[in-house]
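Data first, discussion second: the structure below is written as structure tokens.
First the proteins, then the strands, lettered A, B, ... as listed; each starts at 1.
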There are 2 protein chains.
Amino acid sequence: MGRTTLDTAALAHELRLAVMRFSRRLRNQRVDTSVTLTHLAALSTLKQHGPMSPGELAGHERVQPPSMTRVVVALETAGLVTRTPHPTDGRQVVIELTPAAEEMLTAEAQAREAWLAGRLHELTVEERAVLREAAEIMGKLAGG
Amino acid sequence: MGRTTLDTAALAHELRLAVMRFSRRLRNQRVDTSVTLTHLAALSTLKQHGPMSPGELAGHERVQPPSMTRVVVALETAGLVTRTPHPTDGRQVVIELTPAAEEMLTAEAQAREAWLAGRLHELTVEERAVLREAAEIMGKLAGG
DNA sequence: TATTGTTATACTCTATAACTATA
DNA sequence: TATAGTTATAGAGTATAACAATA
């Protein structure tokens with residue numbers, strides 16, 4: 001086992017611990033309890049990629065379809081997404097953001113991430129640059 | 001709102017999404033289902049900082065004391081930690097790793113993080129360096 | 001009275017398995 | 001048969017509130 005392998009194992013260890021604590025911290029910082037972070041993540045994906053099926057959404061969020069079904073039901077109940085039949089494939093449905101959701105995402109963007117943004121603001125420019133790159137790399141790791 | 005503030009808000013958004021997906025992915029990659037990642041995190045903290053009370057452990061892990069109680073009970077049942085009375089303060093108990101836990105942590109260190117280490121190995125040296133720095137920064141953000 | 005830890009209870013998030021409807 | 005989605009069920013992880021023991 002070479003030096004790179006040792007380094008990688010150590011990094012895996014540290015990164016796992018840091019990400020777990022950080023994600024817990026993030027999850028507990030929600031202020032608007034009416035919309036959870038999981039719901040927000042789904043809404044953000046719809047905002048970013050446009051209308052899609054529950055299956056596609058589950059793929060994007062890296063959860064199983066039944067998990068996404070529950071999220072979509074909750075969002076529909078809250079009036080934040082609509083479920084309409086797919087135009088050509090009767091098995092599929094299309095999930096789309098409502099104007100209310102668009103408005104909410106826009107209006108509360110800053111407020112929702114206030115804690116994290118505040119903490120990030122305390123960092124140096126260099127540290128933020130590191131996190132910006134790291135976010136991209138983690139996205140790649142999670143997505144592949 | 002200046003440019004830095006805008007950048008920070010955008011970074012908060014991207015970082016939150018990336019960390020959530022990444023942590024989900026990590027949580028689902030456990031192979032040895034007998035010990036969950038949450039339990040492992042607690043064991044790693046004990047390994048790193050030595051014996052401590054449930055309250056201290058909860059503080060380290062950034063969870064509430066009742067949550068840690070459940071983790072400790074599970075770990076004690078599994079024979080991975082011991083709960084002994086504090087020598088001078090009768091209210092407190094001291095949580096300590098058993099030899100079995102030490103052995104497990106050492107022996108399975110690589111195997112447990114196999115997925116992540118494998119993925120990290122595919123990255124460039126520069127990307128790993130970014131994640132190494134990011135882990136430290138996220139630890140700081142989670143801990144403060 | 002204040003602190004430490006536990007118990008009781010409930011909610012969120014996620015999974016797997018089984019089912020329905022459509023292709 | 002295969003695919004998309006949902007329902008049923010279960011389990012992990014966490015929280016708040018209430019309680020017991022000790023300082």
task = Kindly give the heavy-atom pair with the smallest separation between Ala134(B) and Val130(A), and that separation in Å.
result =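 Residues Ala134(B) and Val130(A), closest heavy atoms: N-CG1, 3.7 Å.
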
remark   = What one should report as the nearest heavy-atom pair of Leu75(A) and Ala42(A) is CD1-CB, 4.2 Å

key: dC13(C) OP1/OP2 closer than 4.0 Å to side-chain N/O of Ser67(A)   =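 Result: no.
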
task = Return no unless some side-chain N or O of Ser53(B) is found under 4.0 Å from OP1 or OP2 of dT4(C).
result = no

Side-chain-base donor-acceptor pair under 3.5 Å for Arg70(A) and dT12(C) = no

Would you indicate which nucleotide in [options] comes nearest to any side-chain atom of [X]?
X: His39(A); options: dG5(D), dC13(C), dT6(C); answer: dC13(C)
X: Pro66(B); options: dA17(D), dT7(D), dT14(C); answer: dA17(D)
X: Thr69(B); options: dT6(C), dT6(D), dA15(D); answer: dT6(C)
X: Val63(A); options: dA12(D), dG5(D), dA15(C); answer: dA15(C)
X: Thr38(B); options: dG5(C), dA15(C), dT14(D); answer: dT14(D)

Rounded to the nearest 0.5 Å, how far apart are [atom1] of [X] and [atom2] of [Y]?
X: Leu141(A); Y: Glu122(B); atom1: CG; atom2: CD; value: 8.5 Å
X: Glu76(A); Y: Thr98(A); atom1: CD; atom2: OG1; value: 10.5 Å
X: Thr38(B); Y: Glu61(B); atom1: OG1; atom2: CD; value: 8.5 Å

Nearest-Å distance for atom pair [atom1]/[atom2], residues [X] and [N]:
X: Gln64(B); N: dT6(C); atom1: CD; atom2: P; result: 15 Å
X: Leu75(B); N: dA12(D); atom1: CG; atom2: C1'; result: 14 Å
X: Leu37(A); N: dT14(C); atom1: CG; atom2: P; result: 10 Å
X: Leu40(A); N: dT12(C); atom1: CG; atom2: P; result: 15 Å
X: Leu26(A); N: dT14(D); atom1: CG; atom2: P; result: 14 Å
X: Leu57(B); N: dT6(C); atom1: CG; atom2: P; result: 11 Å
X: Met20(A); N: dA12(D); atom1: CE; atom2: P; result: 14 Å

request  = Check each residue of residues 83-94 of chain A for a non-hydrogen atom within less than 4.0 Å of any atom in DNA chain C, then write out the ones that pass by number, or none.
outcome  =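 Listed by number, they are Thr88(A), Asp89(A), Gly90(A), Arg91(A).
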
key: Residue from Met138(A), Glu133(A), Glu14(A) passing side-chain contact (heavy atoms from CB on, under 4.5 Å) with Leu131(B)   =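 Of all the options given, the one that passes is Met138(A).
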
task = Using the closest heavy atom to pick a nucleotide of DNA chain D for each, name whichever of Gly55(A) or Arg24(A) lands nearer the 5' end.
result = Gly55(A)

Per-pair distances, 0.1 Å, donor-acceptor, side chain in residues 88-96 of chain A, under 3.5 Å, sequence neighbours excluded:
| unit_1 | atom_1 | unit_2 | atom_2 | d |
| --- | --- | --- | --- | --- |
| Thr88(A) | OG1 | His86(A) | ND1 | 3.4 |
| Asp89(A) | OD1 | Arg91(A) | N | 3.0 |
| Asp89(A) | OD1 | Arg91(A) | NE | 3.2 |
| Asp89(A) | OD2 | Arg91(A) | NH2 | 2.9 |
| Asp89(A) | OD2 | Gln92(A) | NE2 | 3.4 |

